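Inspection log for the structure reproduced underneath, given as structure tokens.
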Protein chains: 2
Amino acid sequence: MKPDTASDTSQPAQVSDDRLRGLLGYRLRRASNAVQADLAETLKPFDLRMITYTALVLVVDNPGLSQSQLAAAMDVERPNLVVIVDELERRELITRDRVPTDRRTYALNATLAGRRLCDQAESAVRQHEARIFGTLLEEERSLLARGLLHVIAQRTGES
Amino acid sequence: MKPDTASDTSQPAQVSDDRLRGLLGYRLRRASNAVQADLAETLKPFDLRMITYTALVLVVDNPGLSQSQLAAAMDVERPNLVVIVDELERRELITRDRVPTDRRTYALNATLAGRRLCDQAESAVRQHEARIFGTLLEEERSLLARGLLHVIAQRTGES
DNA sequence: TATTGTTATACTCTATAACTATA
DNA sequence: TATAGTTATAGAGTATAACAATA
């Protein structure tokens, strides 16, 4: 199909994305991608991905929680959580313990190695956050945090 | 492997994610996910995904740009852009025009239908942005925008 | 019947190597 | 030789259906 105006076959010297830049959602996504990329690098030395780090933190902070509870907290489908828990268990960072009162569920608990790795990773993550957000003034940071919370609240029950 | 403390086999009544909530990056990701989910719903009636909408906007605003330029602007690998351009071309929203001076490259141009769809979608996207960010005060919104820009700048050349 | 964990599967998004045709 | 577009492919991440064991 021919375009409905004269075809422009000369390439622009500079591509303009002004219209997209005007969207706060676009800026939000770019900022989120930037932070996630930096976080991924931060966690790499610990052989953790963002999703395995999140799972490990939640198990450390909530000893005995079930896979269903963990999946709900992470907003991940149960089948997808299985491989994550498999990996953490294989690395002996957490254990799957049978619950005597309900033999369907596993109680997840962090091992000493798991808690240690979690501590080390958290220290690196704090440095990562300081690197990215530390150059903002305290007030700017808290306004950013409030603004983000507001956005999350607009869409209830979103991950 | 046995955990290194007494195993807790009682499930917590409430799962705490306080430690993750304390991270600005975590909040940023949740906010971004929430906005993207809402944007996806917003674009669905136009049969556009976020990535096809982005491509369409850039072609409309930069007539004649090449696929390489578009890929660079979107921070998408060239091979992955092919299917996006294929789809927009098949739907006769854009055209691939041969460039006489360099027969390797295609100049991308929006059709009238493409520009019309882009206009309609933009109107819906503006409403979506108003729905999510409109309840913030003007000053809060601009502080959020500045904070996000700052974050993006910390990681140069990030999508 | 309903729930927990699991398997299998599929679909999207993304990343890389290698090809073709042009320059 | 280098570049634009393409093909094939592989890896994440995510979603659904269906099953076994248990309640």
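Please read these numbers as outputs of a predicted model, since none were measured by experiment. Below, read A as the first sequence line, B as the second, and so on, with proteins coming before strands; counting in each chain starts at 1.
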Report the residues that fulfil side chain to side chain donor-acceptor pair (under 3.5 Å) with [X], sequence neighbours left out, ordered by chain and then residue number.
X: B/Arg104; result: B/Asp102
X: B/Ser142; result: none
X: A/Thr105; result: none
X: B/Arg27; result: none

Extract, from 5' to 3' on DNA chain C, the first and final nucleotides lying under 4.0 angstrom from some heavy atom of chain B.
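So the outermost contacting nucleotides come out as C/dC13 to C/dA23.
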By side-chain contact (heavy atoms from CB on, under 4.5 Å), which residues pair with [X], not counting sequence neighbours?
X: A/Glu77; value: A/Pro79, A/Asn80
X: A/Glu139; value: A/Leu143
X: B/Arg96; value: B/Gln67, B/Val85, B/Asp86, B/Glu89, B/Tyr106, B/Leu108

How does protein reach along nucleotides 7-16 of chain D, written 5' to 3' as B (base within reach of a heavy atom under 4.0 Å), S (only sugar-phosphate), or - (no contact)?
BB----SBBB
In this structure, how many angstroms lie between the P atom of D/dT3 and the CD atom of B/Gln67, rounded?
17 Å
Atom of B/Asp61, atom of A/Ser16 and distance for their closest heavy-atom approach
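That closest heavy-atom pairing would be CB-O, 4.5 Å.
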Looking only at heavy atoms, which two atoms of B/Arg141 and B/Leu136 are closest? And how far apart?
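That would be NH1-O, 3.0 Å.
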Does A/Gln11 make a side-chain N or O approach to OP1 or OP2 of D/dA4 shorter than 4.0 Å?
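Looking at the OP1 and OP2 atoms of D/dA4, neither is under 4.0 Å from any side-chain N or O of A/Gln11.
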So, is B/Ser68 close to the D/dG5 phosphate, meaning a side-chain N or O under 4.0 Å from OP1 or OP2?
yes
Output yes when a side-chain donor or acceptor of B/Glu129 lies under 3.5 Å from a complementary backbone atom of A/Leu23, and no otherwise.
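No: the side chain of B/Glu129 does not pair with the backbone of A/Leu23.
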Within residues 53-66 of chain A: residues closer than 4.0 Å to DNA chain C (heavy atoms):
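By residue number: A/Ser66.
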Can you tell me if B/Ser10 and B/Asp8 form a side-chain donor-acceptor pair at under 3.5 Å?
yes
Test item: side-chain donor near acceptor, B/Arg131 and B/Thr42, under 3.5 Å
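B/Arg131 vs B/Thr42: donor-acceptor pair found between side chains.
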Please list, one pair per line, the donor and acceptor atoms closer than 3.5 Å that link side chains of residues 120-127 of chain A to other protein atoms, with sequence neighbours excluded.
unit_1: A/Glu122; atom_1: OE1; unit_2: B/Arg19; atom_2: NH2; d: 3.4
unit_1: A/Glu122; atom_1: OE2; unit_2: A/Arg126; atom_2: NH2; d: 2.7

Just the atom pairs and distances: protein N or O near nucleotides 19-23 of chain D's N or O, under 3.5 Å.
unit_1: D/dT22; atom_1: OP1; unit_2: A/Arg103; atom_2: NH2; d: 3.3
unit_1: D/dA23; atom_1: OP1; unit_2: A/Arg103; atom_2: N; d: 2.8

